[in-house]
**Q** 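Quick one: this structure, given as structure tokens, is what I'll be asking you about.
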Amino acid sequence: MDRGARLSRPSRRLAGLLLAGTVLAATPALAQDATGSDTTAFSQRLRTQTDVASGQEAAATGTDTTPGTTTPVLSAAQQSAIADEDVTGAIRRTAPDSERLNLAEGSVDDLRRRAADDPYEPTGIRFGTFVLKPSLTQGLGYERNRSGNTSTSRTFSQTGIRGSLTSDWSRHQLTIDAEGIYQRNISGTGETEPQVRINGDLRLDLSDDTIANITGGYAFERESSNDPNAVDGASVQSGLQTLTGGVRVTRDFGLIRGTLGTEIQRRTYGSATLSDGSKLDLSDRNYTEATVTGRIGYEISPALIPYLEASVGRSFYDDKADSLGYQRSATTLGGRAGVEVDLGEKLRGDLGVGYEQASFADNRLEAIRALTVDGSVFWSPQRGTDLRLGLQTQIEPSTTGGQSGYVSYAANAELTHELRDNLVARLSGAYTWRNLPEALGPDQNIYLVGTGLTWNINRWLAMTGDVSYELTRQARASDTSVTRAGIGLTLRR
């Protein structure tokens with residue numbers, strides 16, 4: 001498919017995404033008195049934002065992090081439609097913690113108190129000044145892929161290992177989260193979807209007014225066959241490895257809050273396996289990117305902070321020119337205005353609207369410009385019911401000669417509800433709009449809906465069941481759909 005660049009035109013679909021996020025963020029806030037919200041000190045609020053992270057994928061995928069629940073057996077498979085949007089391309093911006101859905105769980109003392117109050121909350125294992133909370137999931141899944149009149153199916157086993165390690169220090173805090181998923185086909189045909197993710201965050205309480213975060217991470221996944229940059233006809237797509245590291249400093253200047261951060265990302269692509277068994281080397285897509293982001297906010301109240309943010313980034317490809325002779329190293333400039341809302345456990349989030357531009361080293365590649373809508377909202381209308389909403393905009397580079405790339409807009413939501421103390425129901429949905437330039441063809445629309453149940457048998461054992469349906473539509477092309485179902489058993493400590 002040929003690829004080209006053009007000026008991204010705001011459409012009714014983009015306006016709908018923005019309106020949905022704004023209504024969800026604003027409606028509950030009007031029903032509550034902001035002056036009655038949490039008025040703790042600045043340093044306490046910052047620590048709440050940067051305490052134990054429940055998983056990087058929550059912001060973009062809506063993964064359930066409700067206490068007492070477990071990861072769905074098909075967590076990797078069910079979210080493949082929007083996993084592409086989680087993996088930033090060669091041009092991206094650094095997002096602060098307030099943009100993530102997976103906000104703080106609280107201190108280790110809070111975790112222990114919750115475990116004592118909740119008979120289904122894992123207690124963890126103490127190692128000196130650290131607490132380890134591991135889990136092991138074994139499941140059985142079924143997947144059916146349909147494209148036009150052609151369909152394939154597979155039955156597979158899935159093994160998932162995840163854990164969190166949290167320090168119990170009087171000052172500062174270190175958190176490490178890790179997850180690994182392995183699939184093996186039992187019958188039928190289809191690509192497996194392995195995943196590995198490790199993230200660490202060291203919070204340094206430099207003073208009552210200043211907090212620094214040092215972060216690092218590693219991730220591995222397989223590129224989706226639905227991605228416009230995927231290799232046509234490949235039996236196994238390329239494996240993608242991502243290394244990240246960054247430093248962020250936040251300081252309070254009275255009513256003014258300032259944040260300055262930098263992040264370095266390293267991304268490498270493995271070889272794709274073609275239908276005849278040969279390998280296609282994709283190392284010309286390897287790159288390193290550095291991004292600097294600054295934000296300044298004004299505290300109208302402890303619950304409401306409007307802000308302005310600016311970012312600049314530069315990507316450097318290992319090969320000066322790719323296999324087609326194009327220099328894809330790029331400079332990215334972005335800015336946005338938004339608002340942070342923190343009404344405690346009931347409502348918190350961040351919503352911003354801005355503009356981003358990517359300019360390439362090769363003057364044959366036109367610049368990509370986009371109106372951006374990014375943010376996340378967590379709303380708990382009543383105890384035991386949680387709603388998470390995420391909005392994300394990405395500029396994705398192309399791999400086709402003469403084409404720059406495209407803009408992707410994604411929205412996702414997950415609703416969890418405790419039917420009983422030990423029974424949690426989940427309902428999730430996602431929509432991705434790939435705003436392709438004319439040379440790439442018609443725009444692509446991806447829809448995803450899923451539901452699931454988690455039965456916490458006791459503190460150490462839980463059973464999960466999930467069903468999902470994904471549909472990809474593009475004019476002048478056959479619709480493709482993926483149906484998934486699975487059941488699993490989780491051991492945890």
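Side chains are part of it too, since the values below use all heavy atoms of this structure and drop only hydrogens, waters and symmetry mates. Predicted model, so just to flag it, every value in this text is computed and none were measured.
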**Q** Looking only at heavy atoms, what is the nearest atom pair of Leu436 and Gln474, with distance?
**A** CD1-NE2, 3.6 Å
**Q** What closest approach, in Å, do Thr416 and Arg388 show between heavy atoms, and which atom pair accounts for it?
**A** OG1-NH1, 4.4 Å
**Q** With a 4.0 Å cut-off, would you call Arg295 and Asp350 a salt bridge?
**A** yes
**Q** Between the side chains of Tyr269 and Asn286, does any donor sit under 3.5 Å from an acceptor?
**A**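 Looking only at side-chain atoms, Asn286 and Tyr269 do not form any donor-acceptor pair under 3.5 Å.
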**Q** CG of Leu471: more than 12 outside heavy atoms within 6.0 angstrom?
**A**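 Enclosed: over 12 neighbouring heavy atoms sit under 6.0 Å from CG of Leu471.
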**Q** Mind checking what makes side chain to side chain contact (heavy atoms under 4.5 Å, CB included) contact with Val236, not counting sequence neighbours?
**A** Glu191, Arg222, Thr273
**Q** Quick one: does Thr259's side chain get under 4.5 Å of Arg248's, heavy atoms only?
**A** yes
**Q** In terms of side-chain heavy atoms, does Asn412 have a donor or acceptor partner in Glu414 at a distance below 3.5 Å?
**A**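 Not at all, the side chains of Asn412 and Glu414 share no donor-acceptor pair under 3.5 Å.
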**Q** What is the ring orientation for Phe130 with Trp169, classed by angle as parallel under 30°, tilted 30 to 60°, or perpendicular over 60°?
**A** perpendicular
**Q** Is it true that Arg154 and Gln183 share a donor-acceptor pair across their side chains at a distance under 3.5 Å?
**A** yes
**Q** Verify the distance criterion only: is there a donor paired with an acceptor across the side chains of Asp168 and Thr129 at less than 3.5 Å?
**A** no
**Q** Does the side chain of Asn199 pick up a donor-acceptor pair with the side chain of Asp177 at under 3.5 Å?
**A**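 No, no side-chain donor-acceptor pair sits under 3.5 Å.
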**Q** Testing the 3.5 Å rule here: is there a donor-acceptor pair between the side chains of Thr291 and Glu263?
**A** no
**Q** Check side chain to side chain contact (heavy atoms under 4.5 Å, CB included) between Thr472 and all other residues, then give those that pass, not counting sequence neighbours.
**A** Asn226, Gln444, Ile446, Glu470, Thr480
**Q** Does the structure place the NZ or CZ of Arg348 under 6.0 Å from the centre of the six-membered ring of Phe378, at an angle of no more than 45° from the ring's axis?
**A** yes
**Q** Ser408 and Thr432: which non-hydrogen atoms are nearest, and at how many Å?
**A** OG-CG2, 3.7 Å
**Q** When you look at CZ of Arg146, are more than 12 heavy atoms from neighbouring residues, nucleotides or ligands closer to it than 6.0 Å?
**A**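 More than 12 within 6.0 Å, yes.
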